[in-house]
Number of protein chains: 2
Amino acid sequence: MKKQLLFLLILLLSVSAKAEEIKSPNGKFILNFEVKNGVPVYKLQMNGKAVIKESKLGLELKDTESLLDGFTLTKTDKSTFDETWKPVWGEVKEIRNHYNEMALTLTQNASQRIMLIRFRLFDDGLGFRYEFPEQDKLIYFVIKEERTQFAMTGDHKAFWIPGDFDTQEYSYQTSKLSEIRGLMDEAITPNSSQTPFSATGVQTSLMMKTDDGLYINLHEAALVEYSCMHLELDDKNMIFESYLTPDAIGNKGYMQAPCHSPWRTVIASDNAADVLMSHITLNLNEPCAYENTSWIKPVKYIGVWWEMITGKSSWAYADIPSVKLGKTDYSKLKPNGKHAANTAHVKTYIDFAAQHGFDAVLVEGWNEGWEDWHRKSKDYVFDFVTPYPDFDMGELRDYAKSKGVRMMMHHETSGAVRNYERHMDQAYQFMVDNGYNSVKSGYVGNIIPRGETHYGQWMVNHYLYALKKAADYKIMVNAHEAVRPTGLCRTYPNLIGNESARGTEYESFGGNNPDHTTILPFTRLIGGPMDYTPGIFETDISKYNPNNNSYVRSTLARQLALYVTMYSPLQMAADLPETYNKYLDAFQFIKDVPVDWDDTKVLEAEPGDYITYARKQKDADNWFVGRTNDEEARTSKIKLDFLTPGKKYIATIYSDKKDAHYKNNPKAYEIKQIKVNSKTKLSQYCAPGGGYAISIMEKK
Amino acid sequence: MKKQLLFLLILLLSVSAKAEEIKSPNGKFILNFEVKNGVPVYKLQMNGKAVIKESKLGLELKDTESLLDGFTLTKTDKSTFDETWKPVWGEVKEIRNHYNEMALTLTQNASQRIMLIRFRLFDDGLGFRYEFPEQDKLIYFVIKEERTQFAMTGDHKAFWIPGDFDTQEYSYQTSKLSEIRGLMDEAITPNSSQTPFSATGVQTSLMMKTDDGLYINLHEAALVEYSCMHLELDDKNMIFESYLTPDAIGNKGYMQAPCHSPWRTVIASDNAADVLMSHITLNLNEPCAYENTSWIKPVKYIGVWWEMITGKSSWAYADIPSVKLGKTDYSKLKPNGKHAANTAHVKTYIDFAAQHGFDAVLVEGWNEGWEDWHRKSKDYVFDFVTPYPDFDMGELRDYAKSKGVRMMMHHETSGAVRNYERHMDQAYQFMVDNGYNSVKSGYVGNIIPRGETHYGQWMVNHYLYALKKAADYKIMVNAHEAVRPTGLCRTYPNLIGNESARGTEYESFGGNNPDHTTILPFTRLIGGPMDYTPGIFETDISKYNPNNNSYVRSTLARQLALYVTMYSPLQMAADLPETYNKYLDAFQFIKDVPVDWDDTKVLEAEPGDYITYARKQKDADNWFVGRTNDEEARTSKIKLDFLTPGKKYIATIYSDKKDAHYKNNPKAYEIKQIKVNSKTKLSQYCAPGGGYAISIMEKK
């Protein structure tokens, strides 16, 4: 009897089901949802133009009926949310989280299972996710594939990298969607761990531009207990569909209701700058999980690193093909003579950091195991607590402390995450005992457990585990080769950095494209800050290593600009102290530039061409401008109307000389000082692969 | 020049290579080795008869030339070893380790790689392994398959269970080798995790008997950092070949030279008893790794367990389909009313243990998470430190202490080993804090990381990790569903128990074959002790749970015998205290029987038919005899000539009545006391599925 009533009710609701709609608070966006022949579909429009055409929603499940069709819309809840919150660190002091929400309860009639789709429509775009409430008929389930569509309105221009379960360290391709298939093979360049999956598979955050000038960005927010999403393009119909990272046995997600997917995000604007200034990703994450965040502080650092990246020095202490931790007696090995992480050498870095006001010194290659850490699928590869014989942990701890400089730990896991987790508590405690409060962790190479990949649910769980456990020890984390960020730094602000893209290191591995840094803020940085490690002044790598003929595809002036354009609370001055000492005038900008901000403005922006940012220093009325330029010479024209009216400022401009060029004359920079105010307009030449940096200090 | 000389040398050695031979110390066994057309081969004979016909040796490697052929014998080292060592606990007080050894250095000419095969020939059989010395041309390598052959001389009778990467909880099949293929399907009975791999794949230890009465046992010893070996039968030629457990991506072993395989063992004798008394497996393991072993003590225990196994009670506190640790508020759940691990009930077990002199009380189902622990591929399934609301950890700790009884911890991992490792330190510390000094760990269900199996290198590493870490906390381990033992308890004597076979629990899941316990000592126990959990007096399971019509395939008298025939330093009296209280006369044997021994004799033995053991109590002149019988009525005839001549003893005989039968009259036992001495001969009736137990106490 009761069942019949329920059925009748569902039937009635089914008949009465209609298209549902919400608008963004400013009315610019309209989101439509309906259940069409049992299939949930949505579409998104902005200012009356379609952004996402009608697209299907649902999930394919393993060993049970899928959640793709047979649905009835049984309930619609609409609400509005508006709050302003303060990030622990960030591009701006306060962030407004303002959206209209629509939660649609869908009942799969035959199975009596319930799935909810929650949309949040902001003034700059959309977030939505699947939710699986507590219920009898759907508790444990395994995702075979998420089938979320993003139907494009045409053959857009896209800034993309190959979809891959293990790496994002690819150069961005700029092409029409229809051209992806043809470009895929050459786009997949070698990496120490890589698993591309399709000729039209691309990664998020994916940046696009339509023929009529609409900028669209697809990504995800709050990736927790789920597999990282890629996008698979149906290039006949220009429909993207979610493609989750599989585990070792091909499954894509293990779920236990109540639970939900991460948020899928669509940022859109006629103005590229709006995409850069969107806070959708952070807003869709949960508020800070820590009560006390006083131990979390932005960090400007130098490190014993670039000299190994260039091949000048080595991580390894000895040149032997195999070691066994605890069995190899390092005191009996012949040192190779180019091991950088030795006590005396590290002290020179500490001296330099102290002299120039850096917060910390990173040292890589300090611990036993670097002789055979790579490409060996070695499980017990590092123990994270045993220094090389020439690295005196105690002496350096005391020396750094005496100089007021923090040491930054390095935990390379080599992908052996069971091994890392086994040593993690001891390793973090060792850091605390030796005065380290931040760690650069690395996941180079294939993951062990074998068959798992960097971006699957298994590893997504691990990265967060490592991050939360670090918080127990008041340790900040900068994870390299980890899954791309999705705004989790709002909830866990000790995640002060990530790599998850092709960083500056590739300038020593053949070079990055000159337009690379004009794209990254539109793609990789949508999810969170990147430890891009800029500041390379010696752009000719052969000066460090005659066997390396790479050169940095950037002028020196642009290297300064990156401290402003590549937002991060963690910034490295990556070049060698000996080099900075040769260019102390330019180095002054790196010394001056803050790593935390009260406000941010995008002055100019076009993905693939240029970006100009202005940012206001935290708790000071100083501004810093940065401009990154692609391979074409361009002139930047900016207004300093962000300055406080009536106030006087001194601007120091670090710019390309007229004859500068990233290829053959990268170090041709000039520095000039001028007085400026809120009415000042600047026209600034930018060389190919160039740019400029400006510090604008309040005149007191 | 140097290279040419080396080549010449190899060539010369190649020409001079000849068949090599060693004999066992007693001359009974002869082992022959030679390199035939570049392929290493061996054969084993006993008393002039072939045990293993000419068989190939070698390994197939991944992505590189295999180590199968192209070899030259470049060096032969022969030596003799003879020592006597004392186990921390065991069947005997002292063990003689006496063998002749031959180490053959093989050079693969083309690759210049070196592999060594080491044979140890004992008076009761053979052990051999592959060794990979430190060298330039072979450092890291991945095993695709080990290709070790054991060529049988005929179509032997075998006592086998299906080869499987996840379970050994199968009933033994007794058949000709040629019949394995036909019986495999029905031999593969359901299990919560199982991965059989072939129609002729069987597990070790494999027990065989030839037509002319030779008993042969194949197994392995010291399984460390390697995958568990199964045997794949070529049933045309009756050749077994090693078949290693693969990992999630199909690889079978990750090696870094210097390293070696486990030992492959062949025990052989005309007398079945010699197989039971062989110490080859222990002798091939390394000496004890711990300096202090005073904390390792054999344990006789009872536990809150059988009542859940029978379905009388439950592990779970509530009957709900899903819980989330840390999120589910157990205090608000409705108890199901049959949760056994509650404070008051556990106290009755502690009382019983104290009253009858048991060392410890195991309690399963004490911790949150049992509502949905099973078959859900649930990662965060238990935290090992959070008791159910009705289990007062502090109160029970104090109560047990006041009664002089130890609590035994239970860590069911549900196969989620990452989760277990994450909690392990805390879990062990929690044990120490609450007075627990032993843990029964469990690995029910499929392994997480998914794609790994119970017997692969990954898990082999885990079990040893858990064991060594337990030692750090002075904790003894009894691991269920773990890989079958291979004598590691010599090196790590805190491994006081393992399951790794079909134990008594199956008597409540449909029953074990009556001959099961006449086979286990020849198979499963060759590697180490088993926590078989005997002592079930109420053989009609429906008395505990009307919905369970299983019955124990054993007479009550035989349940007593198992304490002697199933050697273990860890013995459970598995039935309920309320049941033991009904049969206190029979229960007296369980109270009397020790769990540690000075000496052991096999009085009668025929695999599949019967076994009779006599064992001398540690540090006392009391002996205990146990006889297990198959489904046929038999009469056991034994001599008590192991008793000290001239001394008087009182023997208490617990035996089947004439009308006893495992099927319909299992509880028909009788107890009589007689005076005995070293000249006494006994003739004792054993019912179908029956047996007897005798305590022989020195008359003082």
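So that the names make sense, note that chain A is the first sequence line, chain B the second, and so on, each numbered from 1.
A cation-pi arrangement is present between R418(A) and W458(B), with the terminal nitrogen or guanidinium carbon under 6.0 Å from the aromatic centre and inside a 45° cone about the axis. Seen from the ring of Y140(B), R375(A) does not count as a face-on cation partner, given the 6.0 Å and 45° thresholds.
Of the two parts of D136(B), neither the backbone nor the side chain holds a non-hydrogen atom closer than 4.5 Å to a non-hydrogen atom of chain A. Contacts of Q256(B) with chain A are made by both backbone and side-chain atoms, with heavy-atom separations under 4.5 Å. Residue contact with chain B, scored on non-hydrogen atoms closer than 4.5 Å, is absent for D425(A). Contact annotation for N251(A): neither backbone nor side-chain heavy atoms come within less than 4.5 Å of a heavy atom of chain B.
In this structure the side chain of K327(B) never reaches within 4.5 angstrom of the side chain of P258(A), judged on heavy atoms. For the pair R450(B) and P449(A), the minimum side-chain heavy-atom distance is 4.5 Å or more.
Across all their heavy atoms, S322(B) and I139(A) have their closest contact at CB-CG2, 3.4 Å.
In terms of heavy-atom pairs under 4.5 angstrom with chain B, the leader among N461(A), V417(A), I249(A) is N461(A). Taking chain A as the reference chain and counting heavy-atom pairs below 4.5 Å, the highest number among E452(B), E134(B), H462(B) is found for H462(B). Contact count versus chain B (heavy atoms, under 4.5 Å) is highest, among V142(A), D379(A), I448(A), for I448(A).
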query: Would R422(B) and E421(A) count as a side chain to side chain contact (heavy atoms under 4.5 Å, CB included) if you check the C-alpha gap in whole Å, the side-chain angles of each, and the deciding distance to 0.1 Å?
result: CA-CA 7 Å; R422(B) 284 179 175 179; E421(A) 291 197 6; 2.7 Å; yes
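Within a 6.0 Å radius of CD in Q426(B), no more than 12 heavy atoms belonging to other residues, nucleotides or ligands are found. The number of heavy-atom neighbours closer than 6.0 Å to CD of E286(B), taken from other residues, nucleotides and ligands shown, is 12 or below.
Separation of atoms CG (N419(B)) and OH (Y465(A)) is listed at 9.0 Å; rounding is to 0.5 Å.
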